[in-house]
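Below is one structure, written out as structure tokens; comments come after it.
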Protein chains: 4
Amino acid sequence: MTKFLNLDIEKQDRIINAAIKEFAKKGYKNASTNEIVKEAEISKGLLFHYFKNKKDLFIFLYDLSIELVLDKIFEELDWEDKDIFNRYRQIARLKMQVFKRYPEMFNFMKVIFTEDSIEIKDEIEHKNQEFMNGSYQKMFGDIDFSKFKAGIDIPKALGIISWTMEGFAYKQQERVLQASLDDIDLDEVFMQMDEYLELLKVSFYK
Amino acid sequence: MTKFLNLDIEKQDRIINAAIKEFAKKGYKNASTNEIVKEAEISKGLLFHYFKNKKDLFIFLYDLSIELVLDKIFEELDWEDKDIFNRYRQIARLKMQVFKRYPEMFNFMKVIFTEDSIEIKDEIEHKNQEFMNGSYQKMFGDIDFSKFKAGIDIPKALGIISWTMEGFAYKQQERVLQASLDDIDLDEVFMQMDEYLELLKVSFYK
Amino acid sequence: MTKFLNLDIEKQDRIINAAIKEFAKKGYKNASTNEIVKEAEISKGLLFHYFKNKKDLFIFLYDLSIELVLDKIFEELDWEDKDIFNRYRQIARLKMQVFKRYPEMFNFMKVIFTEDSIEIKDEIEHKNQEFMNGSYQKMFGDIDFSKFKAGIDIPKALGIISWTMEGFAYKQQERVLQASLDDIDLDEVFMQMDEYLELLKVSFYK
Amino acid sequence: MTKFLNLDIEKQDRIINAAIKEFAKKGYKNASTNEIVKEAEISKGLLFHYFKNKKDLFIFLYDLSIELVLDKIFEELDWEDKDIFNRYRQIARLKMQVFKRYPEMFNFMKVIFTEDSIEIKDEIEHKNQEFMNGSYQKMFGDIDFSKFKAGIDIPKALGIISWTMEGFAYKQQERVLQASLDDIDLDEVFMQMDEYLELLKVSFYK
DNA sequence: GATGAATGAGGATTCATTCAT
DNA sequence: CATGAATGAATCCTCATTCAT
């Protein structure tokens with residue numbers, strides 16, 4: 001992989017974008033290395049010079065995408081705000097900033113979490129697990145739980161909040177597949193998201 | 001399709017199980033019709049005598065799975081109970097009974113809702129949509145909303161309940177992939193599910 | 001074959017028409033026995049009960065078509081007229097009467113004379129040869145050659161007349177593929193044909 | 001296609017000859033790409049690396065064959081001789097030179113003009129049409145018609161000459177299928193052809 | 001006679017990966 | 001580093017023919 005990272009950035013990007021786009025469009029199995037090299041304007045051999053096989057390439061892009069989002073979050077999040085609803089609110093907005101910049105990555109990450117292809121299933125699921133465990137702790141380990149009503153089963157409440165955010169995000173993604181990211185009124189989306197968070201807040205907070 | 005349905009049940013089941021297993025294991029694109037006929041112990045040609053192509057076979061299994069679950073629900077649900085939490089509780093238990101009987105179908109349905117393969121994406125998404133619209137109405141159209149607290153945004157509350165059930169179910173599915181359906185303590189699972197429902201109930205009900 | 005000929009005429013015709021239509025539309029190799037039985041509304045097995053294989057069926061239809069045309073000619077031709085140009089004129093008109101009645105046979109006979117499929121090539125070519133030798137003699141064996149100019153190589157002149165008629169017929173067939181038999185102005189076609197014959201007549205006759 | 005044309009000539013020829021031979025022997029539909037790669041001693045994949053599918057390969061060979069013959073004619077014909085019978089005489093001899101060199105192409109071109117396979121019919125017929133229109137004009141556009149008898153319908157006379165040449169050529173081809181090109185006494189054949197031309201000449205010329 | 005389920009060799013085509021240059 | 005020709009196993013699918021009923 002170091003071989004690849006020593007390339008000049010412009011070429012790296014051409015390859016990354018081509019590959020992400022193809023995987024996002026067709027899923028792992030259907031994606032064609034042929035299309036990738038054509039779009040990236042490199043030769044067949046070169047791709048396999050940098051990545052030992054298709055799977056390696058996919059894993060590399062997986063790691064890269066996760067890393068990009070996490071870096072954004074860890075750098076720009078207001079860690080002083082310990083309120084879980086504000087935390088989710090912020091994370092959602094930071095994620096969206098990344099996706100606005102790398103539109104193909106947005107679709108690629110959907111593939112990451114739904115990909116069923118047998119060749120990568122295990123590894124991807126393992127990594128998803130790892131990501132959940134590791135990053136969840138970092139992103140939500142410092143939350144102030146004192147605001148929750150007494151008697152509330154806090155782990156379960158966290159589950160509900162998390163699934164609500166996921167479900168809401170997924171619903172928005174469906175819409176984007178029909179329209180495009182540009183045609184979505186983001187303010188409107190975030191306002192709706194806030195309403196869900198608000199509903200959960202009055203339910204769970206004192 | 002009538003051709004297939006006129007077969008003796010034993011052979012039908014051999015083919016259905018072989019196909020469902022293969023699709024569940026590898027997703028649409030990776031699934032091999034060769035493997036299916038081998039497992040079902042029929043000739044290559046016969047599969048295509050019954051189903052005009054791979055896609056048709058998949059769609060048939062899709063419809064079959066949905067139908068099996070819905071039939072179970074519509075026949076055995078206690079429609080007198082208009083409480084949404086009890087409704088979800090019952091549905092979950094009925095679904096599980098179907099899956100206990102057709103273990104591969106359990107995994108197949110996971111594929112159904114995440115499959116992205118370009119060849120079937122549109123048709124599957126359209127069918128999922130249809131299913132959601134049609135069946136949701138039937139399953140939840142008669143719910144008694146008078147128990148909800150005043151001031152609660154009921155559509156949003158329904159969304160949260162639904163996503164929570166989905167999220168919980170998905171989490172259980174992940175566990176099954178590691179263990180097997182038999183090794184899971186179902187009572188324990190349903191007890192946990194009830195706790196989530198209870199938490200939402202105290203939050204949303206008067 | 002006797003088995004087939006003992007069938008009631010209605011069923012015979014259903015099978016013949018279905019087969020001729022399919023062969024005419026797709027040529028030998030591309031023609032599907034499946035389509036034939038579907039169109040004829042008989043079972044798969046029955047077709048092979050009457051004809052031992054696809055090739056046999058084709059040969060049977062070949063013989064049938066030739067026979068139909070020849071019978072028409074031998075029965076209705078005015079054998080008193082020994083002029084070769086009048087003979088061709090009459091034959092062309094009689095052929096056309098057959099084709100008006102069996103439009104699919106018209107296209108089927110085109111296939112007969114152009115079919116290259118390896119499985120039947122030899123047999124068909126041999127039969128075409130046989131037909132040429134045998135029937136040519138019968139159709140043109142009594143022609144009065146005394147009207148030809150002295151010094152004309154009569155066999156060669158006959159060749160030229162024959163190829164001209166063939167070439168003209170083939171050109172008309174091309175037109176029919178674009179239009180349909182009904183849309184062609186037959187009087188006009190025969191008038192043009194007569195002009196060719198007239199040109200040859202002034203050239204070859206005293 | 002440029003990919004293919006960059007190959008060394010020896011390999012190109014191995015592939016072309018193998019393909020032409022197979023198509024000539026079996027027609028379009030019956031020809032097996034498997035046989036072609038076996039005869040050409042290349043891998044299955046390579047054929048489809050050069051030609052995107054079987055149809056493309058056929059079309060390529062079609063164009064190549066036509067081109068070879070036309071180039072020969074346009075380069076070596078004596079354009080000063082405006083006599084139509086001499087023109088035909090020359091063209092026939094030049095064509096035969098090409099076929100002597102590529103014996104398989106001789107049979108392949110027969111397939112070209114009789115092939116009915118549904119997959120290529122339209123394209124081939126369109127190309128045949130194009131060829132007829134374009135090349136006929138070039139080959140016969142400068143003919144001197146002043147030698148024809150007054151009162152002769154010249155377009156019809158041209159038709160007769162053309163069909164006679166076609167008919168004669170076709171008759172010779174039939175003979176080659178039984179014997180081989182080497183066993184034919186070409187001088188004898190051309191002498192016979194000249195006799196036909198001579199007969200037409202005394203008929204149509206002053 | 002009549003059915004149509006069943007066969008399986010063979011069809012064209014794809015594609016990740018290798019390797020000589 | 002970089003190329004792209006070459007591989008060949010594997011893909012889905014077709015179809016004439018057989019045979020138990």
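To find a chain, count down the sequence lines: A is the first, B the second, and so on, and within it residues start at 1. Because the structure is a prediction, the values reported are computed rather than measured.
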With B:Phe108, the ring pair (Phe, Tyr, Trp, His ring centres under 6.0 Å) member among B:Phe58, B:Tyr102, B:Phe60: B:Phe58

Using 4.0 Å as the upper bound for N to carboxylate O, is an ion pair formed by B:Lys55 and B:Glu119? no

DNA chain E: 5'-proximal contact among A:Asn53 and D:Lys29 (nearest heavy atom): D:Lys29

According to a strict under-4.0 Å criterion, is A:Thr33 in side-chain N/O contact with OP1 or OP2 of E:dA16? yes

Exercise: identify the closest heavy-atom pair between C:Glu39 and C:Ala18: CG-CB, 3.4 Å

Looking only at heavy atoms, what is the nearest atom pair of D:Asn30 and D:Lys26, with distance? CB-O, 3.0 Å

Under 4.0 angstrom between D:Asn34 side-chain N/O and E:dG11 OP1 or OP2: yes

If I take atom CD1 in residue D:Ile36 and atom C1' in nucleotide E:dG10, what distance separates them, rounded to the nearest angstrom? 15 Å

Under a 3.5 Å cut-off for both contacts, is E:dG11 paired Watson-Crick or G-U wobble with anything, and if yes, with which nucleotide? F:dC12

C:Lys54 near the nucleic acid: base, sugar-phosphate alone, or nothing, with a heavy-atom cut-off under 4.0 Å? sugar-phosphate

Of the nucleotides F:dA10, F:dT3, E:dT3, which one has an atom closest to the side chain of C:Ser43? E:dT3

With both distances under 3.5 angstrom, what nucleotide forms a Watson-Crick or G-U wobble pair with E:dT21? F:dA2

Return the nearest nucleotide to the side chain of A:Leu7; candidates are E:dT17, E:dA5, F:dA2. F:dA2

From F:dC13, E:dT18, F:dG8, nucleotide with atom closest to A:Phe48 side chain: E:dT18

Can you check the C:Leu46 CG to F:dC19 P distance for me, whole Å? 17 Å

Considering every strand and a 4.0 Å limit on heavy-atom distances, what is the contact class for B:Lys11: base, sugar-phosphate, or nothing? sugar-phosphate

Of D:Gly45 and B:Ser32, the one whose nearest nucleotide on DNA chain F sits closer to the 5' end is D:Gly45

Using the side-chain contact (heavy atoms from CB on, under 4.5 Å) rule, take A:Lys127 and A:Asp63 through it: C-alpha gap first, then chi angles, then the decisive distance, then the call. CA-CA 9 Å; A:Lys127 271 175 176 287; A:Asp63 289 338; 2.9 Å; yes

Would you mind classifying the nucleic acid contact of B:Leu47 as base, sugar-phosphate or nothing, using non-hydrogen atoms under 4.0 angstrom? nothing

Separation of C:Lys26 atom NZ from F:dA16 atom C1', in whole Å? 14 Å

Mind calculating the distance between NZ (B:Lys52) and P (F:dC13) to the nearest angstrom? 10 Å

Of the candidate nucleotides F:dA5, E:dT17, F:dC1, which contains the atom at the shortest distance from the side chain of A:His49? F:dC1

For atom CD of B:Glu35 and atom C1' of F:dC12, their distance in whole Å: 14 Å

Just how far, in rounded Å, is P of F:dC15 from CD of C:Glu119? 13 Å

Would the base of E:dT7 count as contacting B:Lys44 through its side chain, where contact means a donor and an acceptor less than 3.5 Å apart? no

Just the rounded figure in Å: distance from C1' of F:dA16 to CG of C:Asn30. 14 Å

Looking just at side-chain N and O atoms, do C:Asn6 and C:Tyr50 make a donor-acceptor pair shorter than 3.5 Å? no

To the nearest angstrom, how far is B:Ile120 atom CD1 from F:dC12 atom C1'? 15 Å

